[in-house]
Amino acid sequence: MSQERYNPQAIEEKWQARWQKEKPFACTHQSNKPKYYVLEMFPYPSGNIHMGHVRNYSIGDVVARFKRMQGFNVLHPMGWDAFGLPAENAAIKHGVHPAQWTYANIDNMRAQLQRLGYSYDWPREVATCRPEYYRWEQLFFLRLLEKGLVYRRKAPQNWCPSCHTVLANEQVIDGLCWRCDSRVEQKDLTQWFLKITAYGDELLDDLARLEGGWPERVIAMQRNWIGKSLGAEVVFGLEKSFDGVDSLSVFTTRPDTLFGVTFMTLAPEHPLVEHLVQGYEKADEVRAFVERIRHMDRLDRQSDTLEKEGIFTGAYAVHPLTGERIPLWLGNFVLADYGTGAVMGVPSGDQRDFEFARKYGLPIRVVVQPQAVSLDPDSMTEAYTAPGIMVNSGQFDGMDNEEGKKAVTALLQSQGKGKATTQFRLRDWNISRQRYWGAPIPVVYCESCGVVPEKEENLPVTLPLDIKVRDDGRSPLPETPSFVQCTCPRCGKPARRETDTMDTFVESSWYFARYTDARNASAPFDPAALAYWLPVDQYIGGVEHAILHLLYSRFFTKVLRDFGYFPANVAEPFTNLLTQGMVLKDGGKMSKSKGNVVDPTEMIQKYGADTVRLFCLFAAPPERDFDWSDSGIEGASRFLARVWRLFTESQGYLLPLAACAATADDTDSPEARELRRKEHLTVKKAGEDMGDRFQFNTAIAAVMELVNTMYLTRERLCQSERGKRVFSSAMATVLTLLSPITPHLSEELWTQLGHEAPLSDQPWPQWDAAATIQDSITVALQVNGKLRGTLSIAANADKATMEAAALADASVQRHIGQLTVRKVVVVPGKLVNIVAN
RNA sequence: GCCGGGAUGGUGGAAUUGGUAGACGCAGCGGACUCAAAAUCCGCCGGGUUCACGCCCUUGCGAGUUCAAGUCUCGCUCCCGGUACCA
């Protein structure tokens, strides 16, 4: 056995070499064991892993290793989200091809991950930029096209001038590009859209299935983003018809206030505006207003400090129930792309309408007011939006307004002037990107046939690699004749290939399923493998993907299920989600510009992978942010050296393998009983913390306590053979409990204990309740709820005995003094509280 | 505004079902070992008060429920995240 001091580098190299050679973590779906699929969000191959990756993957690796020891058949794969803009930017900057840059980064980062000893099933590795991967995505695109779930549309799009591409709504954060923070502009373009809105209801409703498994806030964020509103569409007639258009629809969540409509407001972009102003003497003023609002910066226009402005169009609508004339206004606060782009104005029931009416002197009519209170339109200072009773509403007077929503809608429906409807905030997903380094969209444009999907047998449409990246950042594809020039799959005439590529979020929307059968060259998935592995049991990643990636993956899961690729019973991709916090430094995000980056590679060189893993897990519970601490990692390193020393310095105490299984018979001394008890309690706690609660920090703390106890008791304990047996058993337990966290150190010492089979193949230890029982326990003594002492008493003492012992306690007596004891509360095993006054 | 989360020593954080608040670590202080230092080992470590035993206070603030509240209820403050003229 070795007496050397702890040398992580040598140990880790040895075990990693073995894992790479023997691939002990590869798995198959042909197994009798229960399955467990644990997945961490795959990285973009940016060049080097950072501490956030280390934290993310260390958490996943503990779960994977722990579940394996618990007897599960564990799938724990890794791959690369390899398409994307940084590769093109690097190409411009360094003159290397995006593919070369990407593959080099993958090789480098794979080595870094292997240097951390993660137990991945490497044979399943995928890289989304390989044709063997994206060809299936192109197949899905063709299916989506067949089913009408992808379509082309010209509309104003989010355009990032710095990335030279459009962005999905989800990729615009506060008006800025999610990647480069440039101000996003609006640009009219024809683009490909995935019809995610067709799944709006299901995406919303199925959030209920995720409760308990997903963090509340992620569910709430998705709910907000989908933004479903129940209400009614109301059709107002137009006083004069324009080009055969004689009505104007609005969406409202408050049909109960329909009788309070005194005006209507349209978005300046509303298509009817030019018609409405025809013949109006102030038409030019209206046009000027429209132009001014249109050219306002989008961010400024959305700011909440923007003053409400409007202008009368000269035209009138007709109220569907009362036949009143309703003036039509334009308003800068009305959004063209939500609802119908027009709203009914009810100043008494909507604060915006109230302000608008006050500003422009429009009438206010109260239609809902609190019970037994009369609201006066002239003296009101704000709209009344709370529940109430309907008034001034014809036949609906006196009705509760909630009921009124349904009643008014029903009446409108019966007259063909409206219907119940829902609106979503969610928009269809623009997946076109004007970029080179992405998956080609498999369609061609033919002069005679129009837009034609590529034939399935012609897939993949391979992204050409023999291109020259342009210095201005624009895609080279449109000027790559070998790619653009093609033949029409339908008529065989020359045609032009689509040069936009797909949003890289498409690749990451289904990768978790491809891992189940990653090398399949004839189909995207093997149904048997999918049926076995899906859904992912535990998904782990950053909360920054709470909307983007997680929403898209949920959408794809439902689509691929409906297409028959996924099993019919798989509704959601990720049963449980853990969103880990960020690794900060000096209270802020690590960034090159701030110069506060802690490089994992350096840390591994200095302390070893086990220490880095241990510290990342010990510093804080996984979902919380934590601040990197240089002295903190010293502490983690110290602990592992302490375990190593405890082992190597105890050579004379550690028994040969066969003799080290301790039993209750061996606890012939108080130290032995205490250590054995501590050992079993630690097994219990570590198992619960790692497996059920994902509180790795407290699991580690418990093992530290066990190690501390071993240090303190080993001299006295190991005087006897039986004591040595208890000590040896505890040592083996320490190594086992730590093995998911610090696998190299654990395996190494396990081997030195004389074991042939690796520790990773051992079952997770059982704890014996009998071993945790104590003869005597300490209970708290309280008088009137305040702690006044403690009492050592037989663990099985009954209530009467505890009460008597408590009352006999000197400190308790002193505090009772002259008071009369009114009541004694006895909690067996815990405390005695004496109530006296 | 709405939705979600949070606030505990010098510090990161424990306290799982309401039952001895501060586990474990970091930093600090004291001691042992050493020519010395590092490393290591042992001890102390919320605040006030006391020679001491103790006593009082303490989980953002204020009420309440309870024999007992960091934990439950109500009302606030502040911080973080999401979302928003969404009709």
Side-chain angles (χ1 to χ4, degrees), chain A residues 5 173-174 215-225 227-229 231 250-254 257 264-265 267 301-308 331-335 337-346 349-353 355-356 423-425 543-544 546-547 579 615 618-621 623-636 638-639 641-642 645 649 685 688-689 692-693 695 697-705 707-708 711-712 778-791 811 814-815 822-827 829-836:
Chain A
R5 57 181 274 273
I173 315 290
D174 294 332
E216 296 248 343
R217 60 176 176 149
V218 175
I219 294 174
M221 281 160 76
Q222 294 224 349
R223 191 172 285 131
N224 277 344
W225 188 264
K228 182 178 181 175
S229 297
V250 298
F251 171 73
T252 179
T253 55
R254 295 293 306 276
T257 63
M264 285 172 76
T265 323
R301 193 171 156 191
Q302 300 243 322
S303 102
D304 44 4
T305 53
L306 180 74
E307 207 191 318
K308 281 170 199 47
N332 63 347
F333 60 93
V334 181
L335 305 173
D337 58 357
Y338 182 78
T340 65
V343 295
M344 61 188 213
V346 185
D350 181 283
Q351 187 58 24
R352 285 161 311 183
D353 294 343
E355 289 166 24
F356 197 79
Q423 279 293 326
F424 288 90
R425 212 190 76 93
V543 74
E544 66 272 17
I547 293 171
T579 51
F615 178 62
F618 181 62
E623 62 285 346
R624 219 183 286 197
D625 288 349
F626 85 83
D627 213 44
W628 182 269
S629 147
D630 291 332
S631 51
I633 193 169
E634 290 281 350
R638 217 174 290 159
F639 171 67
R642 198 167 141 85
R645 219 177 305 116
E649 287 173 1
K685 177 149 181 68
E688 288 168 357
D689 286 356
D692 308 334
R693 301 205 307 149
Q695 296 284 302
N697 54 332
T698 51
I700 294 164
V703 179
M704 285 174 167
E705 283 188 64
V707 169
N708 289 346
Y711 261 97
L712 291 172
T778 305
V779 297
L781 301 180
Q782 298 182 336
V783 177
N784 289 329
K786 291 199 174 185
L787 184 72
R788 294 305 180 188
T790 57
L791 177 70
S811 173
R814 187 155 29 90
H815 283 94
R822 300 289 176 194
K823 188 177 172 185
V824 179
V825 180
V826 181
V827 183
K830 289 276 185 191
L831 58 74
V832 181
N833 185 17
I834 291 152
V835 186

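Letters go in sequence order (proteins before strands), and every chain restarts at 1.
Under the side-chain hydrogen bond (donor to acceptor under 3.5 Å, both in side chains) criterion, A:Gln351 pairs with A:Glu355, sequence neighbours left out. With sequence neighbours excluded, no residue satisfies side-chain hydrogen bond (donor to acceptor under 3.5 Å, both in side chains) with A:Asp337. Considering only residues two or more places apart in sequence or on other chains, A:Arg814 meets the side-chain hydrogen bond (donor to acceptor under 3.5 Å, both in side chains) condition with none of them.
A:Val827 comes within 4.0 angstrom of a nucleotide base, judged by non-hydrogen atoms across all strands. Using a 4.0 Å heavy-atom cutoff across all strands shown, A:Leu712 reaches sugar-phosphate atoms only and no base atom. Contact annotation for A:Val334: base contact, defined as any heavy-atom pair under 4.0 Å involving a base atom. Among the atoms of the strands shown, none is found under 4.0 Å from any heavy atom of A:Pro215.
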For RNA chain B, the dot-bracket pattern of Watson-Crick and G-U pairs whose distances stay under 3.5 Å, | for other-strand partners:
(((((((..(((......[....))).(((((.......))))).((((....))))..(((((..]....))))))))))))....

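Remark: the A:Lys823 side chain and the B:C67 base include no donor-acceptor N/O pair separated by less than 3.5 Å.
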Determine, step by step, whether A:Asn784 and A:Val835 satisfy the side chain to side chain contact (heavy atoms under 4.5 Å, CB included) criterion, reporting the C-alpha distance in whole Å, the side-chain angles of both residues, the deciding distance to 0.1 Å, and the verdict.
CA-CA 5 Å; A:Asn784 289 329; A:Val835 186; 3.8 Å; yes

B/S/- along nucleotides 20-26 of chain B (protein heavy atoms under 4.0 Å) is B--BBSS

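Put simply, A:Arg5 has no side-chain N or O that comes within less than 4.0 Å of OP1 or OP2 on B:A38.
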Pairs under 3.5 Å (N/O, protein and nucleotides 78-83 of chain B):
from: B:G82; atom 1: N2; to: A:Asn224; atom 2: ND2; distance (Å): 3.3
from: B:U83; atom 1: O3'; to: A:Arg425; atom 2: NH1; distance (Å): 3.1

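Cation-pi contact between A:Arg642 and A:Tyr711: present, with separation from the ring centre below 6.0 Å and deviation from the ring axis of at most 45°.
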